[in-house]
Amino acid sequence: MPPAESTNPSNFIKTIIEEDIKNNKNDGRVHTRFPPEPNGYLHIGHAKSICLNFGVAAEYNGLCNLRFDDTNPSKEEAEYVESIIEDVKWLGFDWGDRLFYASDYFEKLYQYAVQLIKEGKAYVCDLSADEVREYRGTLTEPGKESPYRNRSVEENLDLFERMRAGEFKDGSRTLRAKLDMASGNINMRDPVIYRIQRAAHHRTGDKWCIYPMYDFTHCISDSIEGITHSLCTLEFEDHRPLYDWFLDQLNIFHPMQIEFARLNLSHTVMSKRKLLKLVEDGYVRGWDDPRMPTISGLRRRGYTPESIRNFCDRIGVAKADSMVDMALLEYCIREDLNKSAPRVMAVLRPLKVVITNYPEDQVEELDAINNPEDLSAGTRKLPFSKVIYIEQDDFREDPPKKYFRLAPGREVRLRYAYFITCVDVIKDDKTGEVTELHCTYDPATRGGDAPDGRKVKATLHWVSAGQSLDAEVRLYNHLFIKADPEEDKDNTDFKFSLNPDSLETLTSCRIEPGLAEAEPGRRYQFERLGYFCVDPDSTDKKIVFNRTVTLRDTWAKIQKSQNTSSPS
RNA sequence: UGGGGCGUCGCCAAGCGGUAAGGCACCGGGUUCUGGUCCCGGCAUUCGGGGGUUCGAAUCCUCCCGCCCCAGCCA
């Protein structure tokens, strides 16, 4: 279990739990569960639920189970089970020996259904799906009772047994709970609790051709596992009366269902349906595309489990629908990586610089600090020579106000190296594009400090041309342009809301030689640029980096305000 | 027009009858060999609105307004 986080805000669920403990409800026991359906990959919204369920259990000396809600074989796959297990583990949580599947309870569930039938509380209904819908009524009109509602217990028992035996066609009959067709709560209008469906189940194969529905399964599964607090999202609030009804009728252990608001994050989508569409229609490269809000996408992007846990702590838990700003997630990963990521020199868009007064074939080694936030990370040697690369952005022939970096005649510092002064600008005759800079260096400033105490306004990152390595760098931006892509409800076409610039691939980046052996998953800070991590696409020939997040960029902010205020 | 929820700073969110925590964002200012980090300061006389109860209300009552969810043999 991860260590307790520093922030520990209160929320209404903890209030309820603390009250229950005080009253010795459940003998003061706290037992939760995270119950994913294995029909897709986990995303940051699930992380909220995972952190809540496992977190609250840990905080009150309780337990949290991992349980797959696998009652619909036509949508569920073993591949998803694998990825979910991996993701929850990666996030840092441990369910001990309590990995369960609702399908483990199929036989028990069947017996409970039989019990309901015997007590006259459930019946086999021969209505078709369409007819069931018609009989259900609408939001404002009550439903009609099924003509099969008053079959005898014996007939129901016989029919249900034959449903299980496979005597009837898919969809031809259902088992329904006998509640109230006039209820204002549509979930109470004789909900279906078993359907006939001949589909291979990822665990039980073809053993069953009838499968229990969520409402019937979930409460009983919770009860079997001795769950004390069953936490779920707001849309199940309407289902709570049903949850309670089943447990009351069956007279078995009764967990308490508590609903909280699901997470919405700005500039992305969270519904499994939409994420699946992004993957299937090729808008992204897969479930683990670094632009996806999936756990696997965030992992590949370079997010740490710690940063995601901190994020989940900070967003809180409440009942109000809300949308959290992506900026908070970004803050959390910067906070973590600032402390832990080794600094490294990388030039994304190289501009050649020749140090005219530097000896032709000399290469010297300069000391660089690996992490100013953690001196125990030590130092390393950086090669320096006559020809180096700096960032194109770090030179302006005609510098605007407040631009501190290199310009004709201006002196700046090369980090851990020397002060250089720009003396000449070489341009392409045809395009006018700056192709090369000639600079002089001051040998007395070796290491980056001037003995005469003179200051420079900027420090640039750089890389030695001869000693640097080639790399590909993938820059990511918000997947969606608008903060709330679902704002326009009728516009379901991603084409209109996706950010065309969510991925920019740079192929001629130069990185310091020490990165030659960097392994996939390794995270670095590229000085002055941001945090990057090595992508699994890397090969012996070419290292590929993903930009996790940029550094905070005050200069970009200044430029933006200059651009918006200058046209006057 | 049925049922269930929710409305506290730009975004989250504490608060539970005693006079509006905190975080992000934003805006200053200081430190700095990363325009990063760090530090310091600013940022709701007011809690969707109107009435009422009370010495006292974001908290209690009441009416109104707005937003979300539900008509799968999905979860």
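Below, chains carry the letters A, B, ... as their sequence lines are ordered, and counting in each starts from 1.
The A:Glu373 side chain lies nearest to B:G36 when the options are B:A13, B:G36, B:G35. The side chain of A:Leu551 approaches B:U34 more closely than any other nucleotide in the set B:G5, B:U34, B:C12. Comparing B:G36, B:G35, B:U34 against the side chain of A:Gln525 picks out B:U34 as the nearest. Comparing B:G2, B:U34, B:C24 against the side chain of A:Arg415 picks out B:U34 as the nearest. Candidate nucleotides B:U34, B:A25, B:C68 were compared by shortest atom distance to the side chain of A:Arg528, and B:U34 ranks first. Considering only the side chain of A:Ala318, B:A13 comes nearest among B:A13, B:C6, B:U34.
Ion pair A:Glu391/A:Arg405 not flagged as a salt bridge, since none of the NZ, NE, NH1 or NH2 atoms sits closer than 4.0 Å to an Asp/Glu carboxylate oxygen. Using a cut-off of 4.0 Å between Lys/Arg side-chain N and Asp/Glu carboxylate O, A:Arg454 and A:Asp442 are scored as salt-bridged.
Pair assignment for B:C74 gives none, since no Watson-Crick or G-U wobble pairing has each distance under 3.5 Å. B:A21 is unpaired under the criterion used here, namely a Watson-Crick or G-U wobble arrangement in which both key atom distances are under 3.5 Å. B:A14 is unpaired under the criterion used here, namely a Watson-Crick or G-U wobble arrangement in which both key atom distances are under 3.5 Å. B:G66 and B:C6 make up a base pair, with Watson-Crick or G-U wobble contacts both under 3.5 Å. Across every strand in view, B:A58 sits unpaired, with no contact that passes the Watson-Crick or G-U test at under 3.5 angstrom.
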### Task
Would you sort out whether A:Asp367 and A:Thr379 count as a side-chain hydrogen bond (donor to acceptor under 3.5 Å, both in side chains), showing the intermediate values?
CA-CA 6 Å; A:Asp367 291 310; A:Thr379 63; 4.8 Å; no
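Contact check, A:Arg334 against B:U37: no side-chain N or O comes under 4.0 Å of OP1 or OP2. For B:G3, neither phosphate oxygen OP1 nor OP2 lies less than 4.0 angstrom from any side-chain nitrogen or oxygen of A:Thr140. Using a 4.0 Å cut-off, no side-chain N or O of A:Lys455 falls inside it from OP1 or OP2 of B:U32.
Side chains of A:Thr304 and A:Glu306: a donor-acceptor N/O pair is absent below 3.5 angstrom, by distance only. A:Tyr41 and A:Glu79 share a donor-acceptor pair across their side chains, judged by distance under 3.5 Å alone.
Taking the syn range as angles within 90° of 0, the glycosidic angle of B:G72 is syn.
A:Phe106 and A:Tyr211 have their aromatic ring centers within a separation under 6.0 angstrom.
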### Task
Determine, for nucleotides 70-75 of chain B in 5'-to-3' order, which nucleotides have protein heavy atoms under 4.0 Å from the base (write B), from only the sugar-phosphate (write S), or from neither (write -).
BBSBSB
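For A:Arg552 against B:U37, a side-chain-to-base donor-acceptor contact under 3.5 Å is absent.
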